[in-house]
Amino acid sequence: MNVLSSVILAVQMLAALGMIGLILIQHGKGADMGASFGGGSSGSLFGVSGSANFLSRTTAVLATVFFVATLALAYLSNSRPVSSGSVLESAPVSAPAPAQTIPVPGAPAATTGDAATPAPAAPAAGAEGAAQIPTK
């Protein structure tokens with residue numbers, strides 16, 4: 001099923017790129033008016049009326065392929081089984097991180113349980129600037 005959806009997606013992408021290219025090649029309705037004032041290249045590649053028929057028919061075929069591929073991908077995505085629960089219910093449960101305490105000047109230092117790690121020193125009473133930022 002996954003391979004089938006990948007193949008259909010590739011066909012859809014190729015049809016979309018082909019349509020973009022063919023639409024950019026085609027002349028607009030006002031292209032013949034510009035040719036009469038000196039454009040001169042209105043019938044150079046496919047002839048005067050042959051390009052409109054060939055390019056418009058090819059664009060229509062690619063558009064049909066694109067829409068059929070889109071409908072097939074929509075059908076395949078809806079045919080997958082849907083879980084009845086919430087996404088949050090199936091998420092793995094992890095233990096919360098321990099809360100960190102912010103040292104307050106003048107308060108007794110809290111111990112972290114490790115006797116080798118000293119508690120951070122409180123800044124001096126009249127300190128300003130960077131001396132007020134507690135260090136780890």
Side-chain angles (χ1 to χ4, degrees):
M1 187 79 106
N2 195 10
V3 174
L4 180 64
S5 63
S6 297
V7 169
I8 293 174
L9 184 63
V11 168
Q12 183 187 31
M13 296 290 280
L14 290 175
L17 291 175
M19 274 195 314
I20 290 170
L22 286 176
I23 289 171
L24 289 176
I25 289 173
Q26 292 180 24
H27 292 286
K29 290 183 178 180
D32 295 331
M33 180 72 76
S36 65
F37 291 112
S41 65
S42 64
S44 61
L45 185 60
F46 293 105
V48 177
S49 64
S51 66
N53 291 334
F54 172 73
L55 292 178
S56 62
R57 287 181 184 168
T58 308
T59 305
V61 168
L62 286 177
T64 304
V65 169
F66 179 80
F67 286 125
V68 168
T70 303
L71 290 174
L73 285 173
Y75 176 76
L76 289 176
S77 69
N78 284 335
S79 65
R80 293 181 182 165
V82 179
S83 64
S84 61
S86 171
V87 176
L88 295 176
E89 292 174 358
S90 63
V93 178
S94 62
Q100 297 179 350
T101 59
I102 299 175
V104 178
T111 59
T112 59
D114 188 8
T117 306
E128 294 181 7
Q132 289 183 347
I133 299 173
T135 58
K136 292 185 179 181

Find the distance between CG (L9) and CG (L76) and round it off to the nearest 0.5 Å. 11.0 Å
Quick one: pull up CG in L4 and CG in L73 and give me the separation to the nearest 0.5 Å. 8.5 Å
L62 with F66, same ILVMFWY side-chain cluster at under 4.5 Å: yes
With sequence neighbours left out, the residues meeting side chain to side chain donor-acceptor pair (under 3.5 Å) with T70 are Q12
Apply the hydrophobic cluster definition, ILVMFWY joined by side-chain contacts under 4.5 Å directly or through others, and give me every member besides V68. none
So which atom in L55 and which in Q26 form the shortest heavy-atom distance, rounded to 0.1 Å? O-NE2, 3.2 Å
Using side-chain contact (heavy atoms from CB on, under 4.5 Å) as the criterion, point out the one residue from V61, T58, L17 that pairs with L22. T58
